Amino acid sequence: MDVAGQFAELYGYEADGVFSAPGRVNLIGEYTDFNEGFVLPLALPHTAVAAVARRSDGVLRLHSADIDAPVAELRVDELTPLSPYGQGGWAAYPAGVAWALREAGHDVTGGADVHLASTVPTGAGLSSSAALEVVMALALNDLYELGLTHPELAVIAQRAENDFVGVPCGVMDQMASACATEGHALHLDCRDLSIRQVPFDLAAQGLRLLVVDTRVKHALGDGAYAERRSGCEAGARALGVSHLRDVPYTELPDALEKLTDDTVRDYVRHVVSDDHRVERVIDLLDAGDVRGIGPVLTEGHASLRDDLRISCPELDLVVSTANAAGALGARMTGGGFGGSAVVLVEEVDADAVTKAVVEAFASAGHTPPRVFPAVPSAGARRVA
Ligand code: ADP
Ligand code: MG
């Protein structure tokens, strides 16, 4: 049964609309977003789909087909980050969106009934959380006729995750989910949130981008992310700039010499060089040289492994095995310490590379990875 049918069965009446928002995978530009730099994500065909109806009595009912929990019932006017639904539990994500809209002065006080289901793998670095937030933001925007743009909805969704759920993420995931288009990667400038759709037609070139979910669960809340973030802030302070975005790549060697803390120096090297890699990848894609981005991806992985130190043995194994088996390039993607890698391959080599990675995982005694193609897909939209 589809999501609208499940809604009708659950709540006993028909939803007003059905909305969809995808997960994402980041092609290049990692830990650059909170440094106000550049990222280049693409939307996945995997989506969170929500059937939603507007209410008028201030009640918000939330249900997920994927979670074994009863309908969460709360009141929009009682939402606070410290309420039982703030900071914990899946319902904090959609409730946080209603809260963030309310805090931004938008009238969603009537409430809503929500039932959702998602095909985005959770905790795999593919942003199931952003898909959840963005689909909720889009649904409320539409049903309450708030008139917000997709980038504005992404910012609301990020606020929900930062301040209601309590995860200090950048805005990339929500922007990708809200604004990506089919057949493109999304060049996002995280300073002013300007975007450009960069053609990324893999199939036309006989190429495939594989996502390899290592099934190692990341736990970004455990302090490593915050530590990298404050290290980057310390680097910016030491260099006299507001954000590392302001350190030009050509001045990186001078900047590194000025830094006295070894760890901070490594983080700065990663961020400034990864911003530059985003630009290199975009230039290559604009020039139609999709194959040319392979080595840049692999270089990005080395930077994440050696300078930012957020990789793990499974991710390193994907990259080394895939490249040895004939991939054009590969890198871990997302927050690190597990989650997924992306691998660029010739379509004809996709099976052999997949097999090599699966066998390497078996030999190393790791849980079998999940491998699927990242087809650049559409961003959030109303589907019914
Ligand atoms: P990621 O965004 O990388 O998948 P996160 O830890 O940021 O990982 O978000 C995962 C969390 O999002 C889950 O633990 C759950 O609370 C929530 N979530 C994601 N998808 C669903 C879903 N289909 N139903 C309910 N909650 C979901
Ligand atoms: Mg997330």
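Indexing begins at 1, ligand by ligand and atom by atom, following the structure's order. In what follows, every heavy atom counts, from backbone to side chain, and hydrogens, waters and symmetry copies are set aside. Everything numeric here is computed off the predicted structure, so don't read it as measured data.
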Peer 1: Indicate yes or no: at least one non-hydrogen side-chain atom of Val357 is less than 4.5 angstrom from one of Val343.
Peer 2: no

Peer 1: If the threshold is 4.0 Å, N to carboxylate O, is there a salt bridge linking Asp246 and Arg191?
Peer 2: yes

Peer 1: Looking at Arg75 and Asp77, is there a salt bridge between them, counting it only when a charged N and a carboxylate O are closer than 4.0 Å?
Peer 2: yes

Peer 1: Check each heavy atom of Val120 against ligand 1 and say whether those closer than 4.0 Å belong to the side chain, the backbone, both or neither.
Peer 2: neither

Peer 1: Taking both backbone and side-chain atoms of Gly123, is any N or O found less than 3.5 Å from an N or O belonging to ligand 1?
Peer 2: yes

Peer 1: Could you list which atoms of ligand 1 come closer than 4.0 Å to a heavy atom of Ile67?
Peer 2: 24 (N), 25 (C), 26 (N)

Peer 1: Compile the donor-acceptor pairs under 3.5 Å between side chains in residues 249-262 and protein atoms, sequence neighbours left out, one pair per line.
Peer 2:
| residue | atom | partner | partner atom | Å |
| --- | --- | --- | --- | --- |
| Asp261 | OD1 | Thr263 | N | 2.9 |
| Asp261 | OD1 | Val264 | N | 3.0 |
| Asp262 | OD1 | Arg265 | NH1 | 2.9 |

Peer 1: Step by step, work out the side-chain contact (heavy atoms from CB on, under 4.5 Å) result for Asp306 and His270.
Peer 2: CA-CA 9 Å; Asp306 302 338; His270 166 73; over 6 Å; no

Peer 1: Is there a chain of hydrophobic side chains (I, L, V, M, F, W, Y, each step under 4.5 Å between heavy atoms) that links Leu209 to Val120?
Peer 2: yes

Peer 1: Just so I know, are the side chains of Ser377 and Leu44 near enough to count as touching, which here means a heavy-atom distance under 4.5 Å?
Peer 2: no

Peer 1: Quick one: which ligand 1 atoms are inside 4.0 Å of a heavy atom on Leu126?
Peer 2: 3 (O)

Peer 1: Of all the atoms in ligand 1, which lie at a distance below 4.0 Å from a heavy atom belonging to Asp66?
Peer 2: 22 (C), 23 (N)

Peer 1: Within the 4.0 Å heavy-atom shell around Thr122, which atoms of ligand 1 are there?
Peer 2: 4 (O), 19 (C), 20 (N)

Peer 1: I need the atoms of ligand 1 closer than 4.0 Å to a non-hydrogen atom of Ser64, numbered in the order shown.
Peer 2: 22 (C), 23 (N), 24 (N), 25 (C)

Peer 1: Do any of the N, O or S atoms of Ser129 sit under 2.8 Å from the Mg ion (ligand 2)?
Peer 2: yes

Peer 1: Could you tell me whether Ser129 approaches ligand 1 through its side chain, its backbone, both or neither, with non-hydrogen atoms closer than 4.0 Å?
Peer 2: both

Peer 1: By number and element, which atoms of ligand 1 are closer than 4.0 Å to a non-hydrogen atom of Pro121?
Peer 2: 4 (O)

